[in-house]
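Have a look at the structure below before the remarks.
Nothing here was measured: the structure is a model prediction, and the numbers come from that model.
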Amino acid sequence: MGEHVARTKDQILTMLLKNMNAFVSGQAICDRLGCSRTAVWKHIQELQKEGYIIESVPRRGYRLVQRPDRLSEAEIKAGLKCQVFGRTIIYKESVVSTQKIAHFLAEDGAEEGTLVVSDEQTGGRGRLGRIWHSPKGSGIWMSLILRPALPFHRTPPLTLMAAVAVVRAIHAATGLRCAIKWPNDVLYEGKKLVGILTEMQAEENRVRAVIIGIGMNVNTPSDAFPEELKETATSLKIITGKAYARAELIQAILFELESLYHLYLTEGFRAIKLMWESYSTSLGKRIRARTAHGDVVTGVAKGITDDGVLLVEGDDGRVHPIYSADIDL
Amino acid sequence: MLKIQEIRELIKLIDGSSIDEFEYEFDGSKIVMKKNAGATAVVAQPAAAPAPSPAPAPAPASAQPLPASDAGGEKSEAAPAEDEKLHKIVSPMVGTFYRAPSPDAEPFVKVGSKVDKDTVVCIVEAMKLFNEIEADVKGEIVEVLAENGQLVEYGQPLFLVKTE
């Protein structure tokens with residue numbers, strides 16, 4: 001029963017979102033969903049309590065004029081311009097980590113494009129178990145499941161592809177132009193705005209799933225960052241002073257990811273490489289690449305290869321291909 | 001596969017040339033040679049089997065990851081002649097080898113660890129893509145062949161497993 005009621009409410013919301021700022025008659029809702037007028041009215045009141053501003057005019061119906069920055073499956077699906085990505089959306093109010101859930105779902109056979117998204121992560125992680133700060137309602141914490149039929153060595157460029165998609169989505173939704181630091185850090189004026197963690201599940205000779213985790217600071221006020229992050233992290237709110245609807249940003253990210261993923265599978269990385277280079281903050285500059293082993297290459301970032309490998313012309317005059325390192329500008 | 005004389009001839013030719021790295025792949029076999037400060041390293045191994053059907057055609061040679069400059073060192077191995085009870089877990093790509101999920105965590109496996117086909121034994125990371133490598137065989141780890149944080153190459157052996 002509870003489940004069914006919740007679904008009816010989501011369906012009403014979807015109808016209103018699709019007709020944002022236009023009237024939808026109460027009768028049309030009743031006919032579509034097979035429920036009574038009284039039931040519709042109750043759901044509308046629920047939505048109003050959640051922060052949706054819905055006008056109700058006799059004989060004309062209901063009109064949604066303002067939506068709160070709220071995440072739900074219905075919010076993300078209404079207006080989503082994707083074929084496959086986001087067809088299945090798992091939304092949770094609070095999770096330990098969306099990446100963890102996506103891993104379970106991928107092992108369980110979840111289809112390509114399945115999205116896990118949450119308002120809050122209590123144990124969000126970055127790479128190598130580093131903690132990713134993800135407070136309630138202020139950002140986008142999501143994980144997307146891909147099932148690419150690619151040989152292993154062609155999977156790493158997906159991380160550069162994801163960064164390009166996020167930069168394009170931010171530009172489309174906010175007008176801001178962010179930069180990419182190799183391979184996939186998204187920065188605004190040198191401060192980290194988005195973190196991307198990509199993990200692969202593989203069998204002997206086959207990619208089972210690639211899971212792209214994206215953490216974006218959206219409406220985070222500056223005082224919400226812990227002290228040690230204030231100098232290095234930023235949010236859209238801090239940059240522009242405005243608040244953004246996270247559902248719309250997620251739609252933009254999924255749209256860009258789906259287009260670029262298709263481009264990568266059909267045309268290879270070369271087409272995406274040009275975009276990546278145009279957003280890069282490090283090309284032509286002096287950088288320092290530190291490997292996990294402690295080796296350091298200092299030199300000028302010359303470019304990336306058609307596989308996304310960073311080429312650094314070292315002070316020794318040799319060009320070093322960098323597959324894996326932390327980059328300092 | 002090339003004959004041993006032909007490989008010797010190749011080593012001589014490359015030794016006397018200005019070529020630093022040489023890679024040759026034919027019919028499922030692969031030879032990689034690298035010169036490091038005068039030393040010549042030869043690694044021969046069977047190339048990875050092609051991915052199953054829906055995968056696009058094998059990438060052209062230029063898309064093969066280049067062996068990185070600082071890894072490798074001196075070693076030489078003959079490919080197919082190995083103890084049938086000892087299985088090598090090899091790296092599926094160029095990248096950084098991690099033995100543990102985070103710097104302060106216990107390693108996934110140690111010498112003596114029992115593994116199943118789906119036991120995660122390590123992570124190999126390239127361009128911030130983290131690949132959890134599974135044992136793919138049931139058995140016991142008898143040797144760890146790479147060091148935590150080391151750059152490993154495509155096809156480089158990472159663990160020896162005594163299979164059950």
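- Contacts of A/D306 with chain B are absent, with no heavy-atom separation under 4.5 Å from either backbone or side chain.
- Atom CG of A/D295 sits about 9.0 Å away from atom CG of B/L151, to the nearest 0.5 Å.
- Within the 4.5 angstrom heavy-atom criterion, only backbone atoms of B/P101 (N, CA, C, O) approach chain A.
- For A/I131, the CD1 atom counts as loosely surrounded, since its 6.0 Å shell holds 12 or fewer non-hydrogen atoms of other residues, nucleotides or ligands.
- Annotation: side chain of B/L129 is in contact with side chain of A/V210 (closest heavy-atom distance under 4.5 Å).
- Both the backbone and the side chain of A/E199 come within less than 4.5 Å of a heavy atom in chain B.
- Of the atoms belonging to A/I212, not a single heavy atom falls under 4.5 Å from chain B.
- At a 4.5 Å heavy-atom cutoff, A/A162 makes no contact with chain B through either its backbone or its side chain.
- Once rounded to the nearest 0.5 Å, the distance linking CD1 of B/I123 with CE of A/M200 reads 11.5 Å.
- With salt bridges taken as basic N to acidic carboxylate O contacts below 4.0 Å, none links A/R208 and B/E132.
- Contact count versus chain B (heavy atoms, under 4.5 Å) is highest, among A/I196, A/V309, A/T159, A/L158, for A/T159.
- The part of B/N148 that comes within reach of chain A is its backbone (N, CA, C, O), which places non-hydrogen atoms under 4.5 angstrom from that chain.
- Considering B/K128, B/E125, B/M127 as possible partners of A/S324, the one that fulfils the side chain to side chain contact (heavy atoms under 4.5 Å, CB included) test is B/E125.
- Taking 4.5 Å as the limit, some side-chain heavy atom of B/F130 sits within range of a side-chain heavy atom of A/L197.
- In A/E228, the CD atom is crowded: over 12 heavy atoms of neighbouring residues, nucleotides or ligands sit closer than 6.0 Å.
- Within 6.0 Å of NZ on A/K191 lie more than 12 heavy atoms contributed by other residues, nucleotides or ligands.
- Closest non-hydrogen pair, B/Q150 versus A/H293, comes out as N-ND1, 3.7 Å.
- When heavy atoms are compared at a cutoff of 4.5 Å, B/Y98 approaches chain A solely by way of its side chain, counted from C-beta outward.
- Looking at A/P156, the atoms closer than 4.5 Å to chain B (heavy atoms on both sides) sit in the backbone and in the side chain alike.
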